[in-house]
Amino acid sequence: MLLFQDYLSKIRESAKSILPQVSDSDILLDDSGFSDIVVRTFALSKKTGMDFASIAKELESSIGKLPFVEKVESRNGYVNTFLKPSAFLAPVIESLERSGEYPDVFQDPERVCVEHTSTNPTGPIHIGRARNSIIGDSVARILSRYGYRVTTQYYVNDAGKQVIALYEGFRRYFDGKDRNVGNLLAGYQKIYQEMENIGGEAKILGPVIKQYESNDQELVEEVKSTAAIVLQSIKGSLEKLGIKIDDFVWESGFLQSSELDQVFNSLDSYVKDESGAKYLDLPNGRKMYLRRSDGTSLYPARDLAYHLFKALNADWLIDVLGEDHKDHGTALKHVLTELMDFKQRLDFIFYGFISLDTGKLSTRRGNIVTLDQLLERMTEEALAIVAEKRKDLPDGELKIIAEAVAVSSIRFSVARVNADKHMVFRWSEALNFEGDSAPFIMYAYSRATSLFKDFGKGGINLGEIKLDQYERKLARQVFMYPYYLSDAAKYLRPDLICSYLLGLVKAYNDFYTNCRIKGELPEIQEIRLAINHAFRSVLFDSARLVGIRLLEEM
RNA sequence: GGGCGCGUGGCCUAGUCUGGAUAGGGCAACAGCCUCCUAAGCUGUAGAUCAGGGGUCCGAAUCCCCUCGCGCCCGCCA
């Protein structure tokens, strides 16, 4: 959990001590610009039967006495509370000096396992799949910053039809050739094409699947090692984006496993039989098949087993899944929590698909923009721009900047959109580095660093200070970080951090434009530099949560 | 057909959970700002029946109902 001066809670407590009917939703951070914290008296008026004016009067007297409150004004049924400027700045600076970060954090004993990506290793990772990784990695970083003990995990599908097709496609068409990702992908696409032509995958894939499911260890290992080659390339692409996954768990490991036995044992009284096949009835009238009539296990059974496995080392499981898995996820949770004795907290993050302006993404049909292609093209574009802007820098520096811009841009443009929304990938948008974008954020950091290097971190006496509108707005925005961080952790929403970053940086740009350092009185310089330093520290902290790579110079 | 989700200026997006003060940003367009700490920045102009209709409420982008459009799911695939 986060440790900081939580004025919002203090104001809520103060208000409740006067009017017990006050609820948390009556008192909120005010982002509309009217005040810092606002009390809405409409609901209260209904509840208490008092009129706006008397409620406002009561609250004003109570809230106004709090030491960090500058003034309270009532208007149109709102009680607007303004905090003292020192109340924003002092806690941030104190915290930074004490522990090096703001807000401070108290380690939460809860262990969280974030499962993300888990894409079938049948080809290079593309921009659609990468949405999963970007969301998952950001959520893991946010929860970790919040104080949870977080590990990330990739569930590797090396036991299904797709990877068997990958294996078989290569064996049929490329046998003896180099077993690299390019040839594997070509074989995979070719075998799917072939299966369409002949009219039925049973004929081509059937015998191999049968052999696989007869638990032919040699074949299981062969398929796994084929998948491992593609997985290696996926890992490499993700690492370029700064995404490193802690554990890789192979689905083939659950084909015969104690967890799988446990699933069938504990579900024994619910399992039904249909000519040898085993299934469960679901609340929505559908069935969840666990075993085929030939006795081999199905994906839902292995996924249940996998969740039991994850639960061995975690108190809270989070799965990042595409929206196509919504029903599966809901059913899985129902079975685990209602039919089995599963005590861990289980949450899903579902995200909408990304399509291209040329249509749906498809690895099989070859209609994809791979992460590597995207990164390469964006780095080129960024390099051209930075080379134009910074003719003074050597090529090596330019390249580092261009790569940071490309990586940050990809991550930010995906992370900033609410997971529920579908996205359409457009090159023209991807290659625009202005406005609400990663470079906009990165640039502010470089400016702040430049000021910091030239003039230092300033200082304030922690008593009363006066701030102009730009200084105050920035100090306020810096101070508010923990509220956004807790919401992002609570609702598993990296996009909230992105909104925060944009607001923070807008406030900084106003500050930078309007508040000079050079030529100002020393006491003004000191305060401005202190704000600059606080901003720089909090930006550094928050930007890394969504994988933005900040540079001291760009 | 049933279920889930989405629909906010030409384009992208915040706000929807928890109903309230002028619907906030950005891109593209137009007009400005570098003898001064980084102009990937800043200022201004123009642009919105919040998909449509009905309802609840003192008050609806937000809650409820219906309709339309788009996406996804409805396999002894994963």
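Lettering follows sequence order; numbering is per chain, from 1.
- Within 4.0 Å of S275(A), counting heavy atoms only, lies at least one base atom of the nucleic acid.
- Within the nucleic acid shown, V38(A) comes within 4.0 Å of at least one base atom, counting heavy atoms only.
- A salt bridge does not link E259(A) with R302(A): every distance from a Lys NZ or Arg NE/NH1/NH2 to an Asp or Glu carboxylate oxygen is 4.0 Å or more.
- Note on F353(A): only backbone sugar-phosphate atoms sit closer than 4.0 angstrom, heavy atoms only; bases stay farther off.
- For RNA chain B, the outermost nucleotides in 5' to 3' order that have an atom under 4.0 Å from a heavy atom of chain A are G2(B) to A78(B).
- A salt bridge between D495(A) and K421(A) is absent, with no side-chain N of the basic residue lying under 4.0 Å from a carboxylate O of the acidic one.
- For the segment residues 513-528 of chain A, the set of residues with a heavy atom within less than 4.0 Å of an atom of RNA chain B comprises T513(A), C515(A), R516(A), I517(A), K518(A), in numerical order.
- Nucleotide G47(B) is matched to nothing when pairs are restricted to Watson-Crick or G-U wobble geometry with both distances under 3.5 angstrom.
- Looking at D281(A) and K272(A), a side-chain N of the basic residue comes within less than 4.0 Å of a carboxylate O on the acidic one, giving a salt bridge.
- Judged by the 6.0 Å distance and 45° axis criteria, R131(A) is not positioned over the aromatic ring of Y351(A).
- When heavy atoms are screened at a 4.0 angstrom cut-off, K287(A) is found touching no nucleic acid atom at all.
- Among the protein residues, R302(A) comes within range of the sugar-phosphate backbone only, with heavy atoms under 4.0 Å from sugar or phosphate atoms but none that close to a base.
- In this structure, I401(A) reaches the bases: a heavy-atom distance under 4.0 Å links it to at least one base atom across the strands shown.
- Across all strands, D30(A) comes closer than 4.0 Å to base atoms (heavy-atom distances).
- Salt bridge annotation for K453(A)-E552(A): present, with a cationic side-chain nitrogen under 4.0 angstrom from a carboxylate oxygen.
- Looking at heavy-atom distances under 4.0 Å, N80(A) makes contact with a base.
- Seen from the ring of Y470(A), R528(A) does not count as a face-on cation partner, given the 6.0 Å and 45° thresholds.
- Among the heavy atoms of the strands, none lies under 4.0 Å from D31(A).
- Residue-level contact check: K360(A) touches the backbone only, with heavy atoms under 4.0 Å from sugar-phosphate atoms and none from bases.
- Between the side chains of S25(A) and S23(A), at least one donor-acceptor pair of N or O atoms lies under 3.5 Å.
- At a threshold of 4.0 angstrom between heavy atoms, the contacts of G352(A) with the nucleic acid are absent.
- A pairwise comparison of heavy atoms in M554(A) and S446(A) identifies CG-OG, 3.3 Å as the closest pair.
- Residues from residues 547-554 of chain A that place a heavy atom under 4.0 Å from any atom of RNA chain B, listed by number: E552(A), E553(A), M554(A).
- Residue-level contact check: F350(A) touches neither bases nor backbone, having no heavy atom under 4.0 Å from any strand.
- Across all their heavy atoms, F350(A) and K326(A) have their closest contact at CE2-CA, 3.4 Å.
- Backbone-only engagement by K326(A) is indicated by non-hydrogen atom pairs under 4.0 Å involving sugar-phosphate atoms exclusively.
- No engagement by Y279(A) is indicated, since no non-hydrogen atom pair under 4.0 Å with the nucleic acid exists.
- By the 4.0 Å N-to-carboxylate-O rule, R292(A) lies close enough to E213(A) to be salt-bridged with it.
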